[in-house]
Amino acid sequence: MTTRFNPFKADGLWQKAWDDAGIFTAPAASDPRPKSYVLEMFPYPSGRIHMGHVRNYTMGDVLARYKAMTGHAVLHPMGWDSFGMPAENAAMEKKVHPGDWTRSNIAAMKKQLKRLGLAIDWSRELSTCEPDYYGQEQALFLDFYKSGLVYRKESSVNWDPVDMTVLANEQVIDGRGWRSGALVEKKKLNQWFLKITDFADELLDGLKSLDQWPDKVRLMQENWIGKSKGLNLSFNLVGTHDAIDVFTTRPDTLFGASFVAIAADHPLAAALAENAPRLKDFIEDCRRGGTTAAEIETAEKKGFNTGLSVEHPLDSSWHLPVYVANFVLMDYGTGAVFGCPAHDQRDLDFARKYRLPVRRVVADGDLTDLEFEGDTAYTGPGQIVNSHWLNGMSVDAAKAAIIARAEQDGFGEGQTQYRLRDWGVSRQRYWGTPIPIIHCDFCGVLPVPRSQLPVTLPEDVTFDQPGNPLDRHPTWKHVACPNCKEPARRETDTLDTFADSSWYFIRFASQPDDKPFDREEAEAWLPVGQYIGGIEHAILHLLYARFWTRALQRIGKIGITEPFAALFTQGMVTHETYKSQDGAWLSPEDVKIAGDAVTSLDGAPVIRGRIEKMSKSKKNVVDPDPMFDQYGADAVRWFMLSDSPPERDLEWSESGIEGTWRFVNRIWRLFDTLEDGQGADRSVDQLLHRAIAGMASDIEALTFNKAVAKVHELVNALEKAPASASRTTAIRTLARLISPMLPHLAEEGWACMGGAGLVATQAWPEHDPSLLVDDEVTIAVQVNGKLRDTLTVAKDLDKAGLEALALASDKIIHTLDGAAPKKVIVVPGRLVNIVA
RNA sequence: GCGGACGUGGCGAAACCGGUAGACGCAGCAGACUUAAAAUCUGCUUUCCCCUGGAAGUGCGGGUUCGAGUCCCGCCGUCCGCACCA
């Protein structure tokens, strides 16, 4: 008699068995087996896990379990990225302490993750909001400080005057604070920076070595770093001894210059504005615009003629007007440009508007006239024209020639610019790592002595008024100066939470009490063998982590350069969205779907929205707990791995999970009704060994959907196969094959079939290569490239034999209808194509 | 605007180096078992036609090739990233 698989019993039972046996505890770094460090991006403890987490962690889990079965020493840890704003928002809204809120979220999510049956070494669990983690981060910060990788500088920030806080760019919506709705101001504050720009070239070059990263991510980082080579040159201001420094990547177009433009924030603009109210108004106008993408896109090129002129560096009698222009950025290059309208679209727009000369200096094909027609700048390659001694050169040769001349004559020098800026890490917030610095009126800025680390956050804080609770805490910031012992103040800024996630993978590999990590132990595990996470971290997190690792290398703390050898970015889990007539979002639990009609539970019509990433705000989230209750962990895991390629989005569907539940039970029936068969069945042997080989390569390539299909094929065949020793072996082996993906079912089946020990600790089965090839193959016979017949032949039948057989086929004779073949192409083992 | 990815049945997809398009799954249809339902099992399921067969077919239009979903050129569409970066 057959039974149904009972996940409610099996899940807990086997999870406990794994825990008791301690099989997921990573071995010591000295373990001689090849190391495999599998890591998924650690979660922010928002409260509940969602299907996106489930998908992410299931993928990593399959790989970790597979690696263990293939003889690797596996490190597969989990932790919590637990500092950050949501905890402070919760504190304001719900009057709970950020620490309490965070820790209870962690407890709830950990419970949910455990239900998934993940092969995680929980003994290495870490949480970035705990002093044993952030204290070590402070030690690293001080190491960087001592090595000159940290500095403090006045910098302008988005300031919300109502909440009295600094806002990140993404928190500024249409120029207003996302929470308060107040108009955001630019404010100058002293802020801490990490010198990521010191590593700009290395971070760029290093991308080349990351051949197991998606090209897309490497390209995004390359663009983000934004290296460009050009010339820094000076334009002397007519009638003064001052000059305007300009950066250009097109020095070859210098003879096409018709104006110089400076940014509204340029010091010269500010100086001129003091005596020119209209210029002052214009500068104000520039500052206001340009906060949103839409505004920038539609922004008109606008300028203000300062009345000043500069000398052309190659001809001092040639004077160019100086404008303040809204499209020139202060924080790129020198904050000033020269305009060559014929060969730059922005400059052309500007020149047409202010009726400035447009001189062609690069030939567009046969077009060499000095006067440039039209409103589309020519930015392509060509020969230099109308440029005196540069004429006839290519663009590249002219660039080199001008740079050489500039350096020789002293009006400029070749330079490389980066879009990348230093990493501002100061946050005027409570729930983050305190920056371990003391400000003394007499001794200046001093690091907190090592013996006083960690600098812990005070517990008794309030969130009932705006501003940083650390700053207004009655006692916390008041300390004695470590140098002169006079009263001094703690730094009240905390570190950007991206700092926390920039080294957690090192702390996972090695977590001594007295230092951030042990070098030898960390190097034994690192770099991470496979890192898995969302594409949304393609730039910031991954770039900061790469920087942090290099910084540690530079100061001699670690010997690795790149933290993540292989990166995989998985797709999102999506779900249809629903809205009621009055525009409120409805959760999938609140709607009924009957065919095309969707109604709420009480029958009111519902508007069907787009399929979108699951998010709380749109209520299209599906909580995994009820799924575990109904189907068990394995059906949920299986669904997450099925159908959609892992890098693509996966649409959650109720019918999909039901299908996986049925399949789980079909496998169970194979295990449950297994009987000892007699005799070999070569076709079953072949199927099994093909599945073994195919699944191994699919799992290694993370194409889990294909591995799933192979399990389906094997199971379909085994259900139909007559009893034989081969079938019995195949079903026993199946338990090992599914163990990475369906670990609970595999254990239950393994035990039910009398297997010794835990299937999770078994070796991945070896495949016999001789069983992967057939003795007979089916080959296609085409006439003029169209399939007309298929033949089943011995696999090594030679060309002549194939040709003869093909030409003898009734169907082919019929198709040819007496015509003589002009040519016959034979690909042994594949096809015969007859050209008639 | 710049950069990138993608486009295959009703749906999710597969197709390795250019060699039998649609494996596998979902949904659907028909049947078996059942008093009935659930569960399970069997079969069918790209479209069209003059249906023991044949034709067309991988967003559209061209090209290379004995042969193109796959390579090349040009469009169209969708999605993503960056965004006045000199």
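Chain identifiers are assigned alphabetically (A, B, ...) following the order of the sequence lines, protein sequences preceding nucleic acid strands; residue numbering begins at 1 within each chain. The structure presented is a predicted model; accordingly, all values stated were derived computationally and were not measured.
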Hey, can you pull the donor-acceptor pairs under 3.5 Å for the side chains in residues 797-809 of chain A, sequence neighbours left out?
residue	atom	partner	partner atom	Å
A:D798	OD1	A:G801	N	2.9
A:S809	OG	A:D789	OD2	2.8
A:S809	OG	A:K811	N	3.2
A:S809	OG	A:I812	N	3.2

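- With sequence neighbours excluded, the residues satisfying ring pair (Phe, Tyr, Trp, His ring centres under 6.0 Å) with A:F350 are A:F259, A:Y323, A:F327, A:Y354.
- If A:K710 and A:D649 are placed on RNA chain B by their nearest nucleotide, the residue sitting closer to the 5' end is A:D649.
- The separation of B:rG10 from B:rA23, taken at their P atoms, amounts to 14 Å, rounded to a whole angstrom.
- In this model, the phosphate group of B:rA23 is not approached by any side-chain N or O of A:N705 to a distance below 4.0 Å at OP1 or OP2.
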List, with names and distances, any nitrogen or oxygen atoms from the protein found under 3.5 Å away from nitrogen or oxygen atoms belonging to nucleotides 2-11 of chain B.
none

**OP:** Can you check each nucleotide of nucleotides 43-56 of chain B against protein heavy atoms at under 4.0 Å and return B for base, S for sugar-phosphate only, - for none, in 5' to 3' order?
**Re:** ------------SS
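- The side-chain hydrogen bond (donor to acceptor under 3.5 Å, both in side chains) search around A:D643 returns none, not counting sequence neighbours.
- Distance check on atom C1': B:rG4 versus B:rU65 gives 30 Å, rounded to whole Å.
- For the side chain to side chain contact (heavy atoms under 4.5 Å, CB included) test, residues two or more places apart in sequence or in another chain that qualify with A:A696 are A:Y66, A:W764.
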Subject >> Pair A:F639-A:W661, ring pair (Phe, Tyr, Trp, His ring centres under 6.0 Å): steps then yes or no >> reply: CA-CA 9 Å; A:F639 181 76; A:W661 167 239; over 10 Å; no
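- For the side-chain hydrogen bond (donor to acceptor under 3.5 Å, both in side chains) test, residues two or more places apart in sequence or in another chain that qualify with A:E719 are A:R666.
- No engagement by A:D331 is indicated, since no non-hydrogen atom pair under 4.0 Å with the nucleic acid exists.
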**OP:** Toss me the dot-bracket line for RNA chain B: Watson-Crick and G-U wobble, both under 3.5 Å, 5' to 3', using | for pairs to another strand and [ ] for crossers.
**Re:** (((((((..(((......[....))).(((((.......))))).((((...))))..(((((..]....))))))))))))....
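- The side-chain hydrogen bond (donor to acceptor under 3.5 Å, both in side chains) test applied to A:D344 returns A:R346, not counting sequence neighbours.
- When the side chain to side chain contact (heavy atoms under 4.5 Å, CB included) test is applied to A:R352, the partners found at least two apart in sequence or on another chain are A:L348, A:V358, A:F372, A:D375.
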N/O-N/O pairs, protein side and nucleotides 63-67 of chain B side, under 3.5 Å:
residue	atom	partner	partner atom	Å
B:rC66	O2'	A:N833	ND2	3.3
B:rC66	O2	A:N833	ND2	2.5

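- Using a 4.0 Å cutoff on non-hydrogen atoms, no part of residues 793-808 of chain A comes near RNA chain B.
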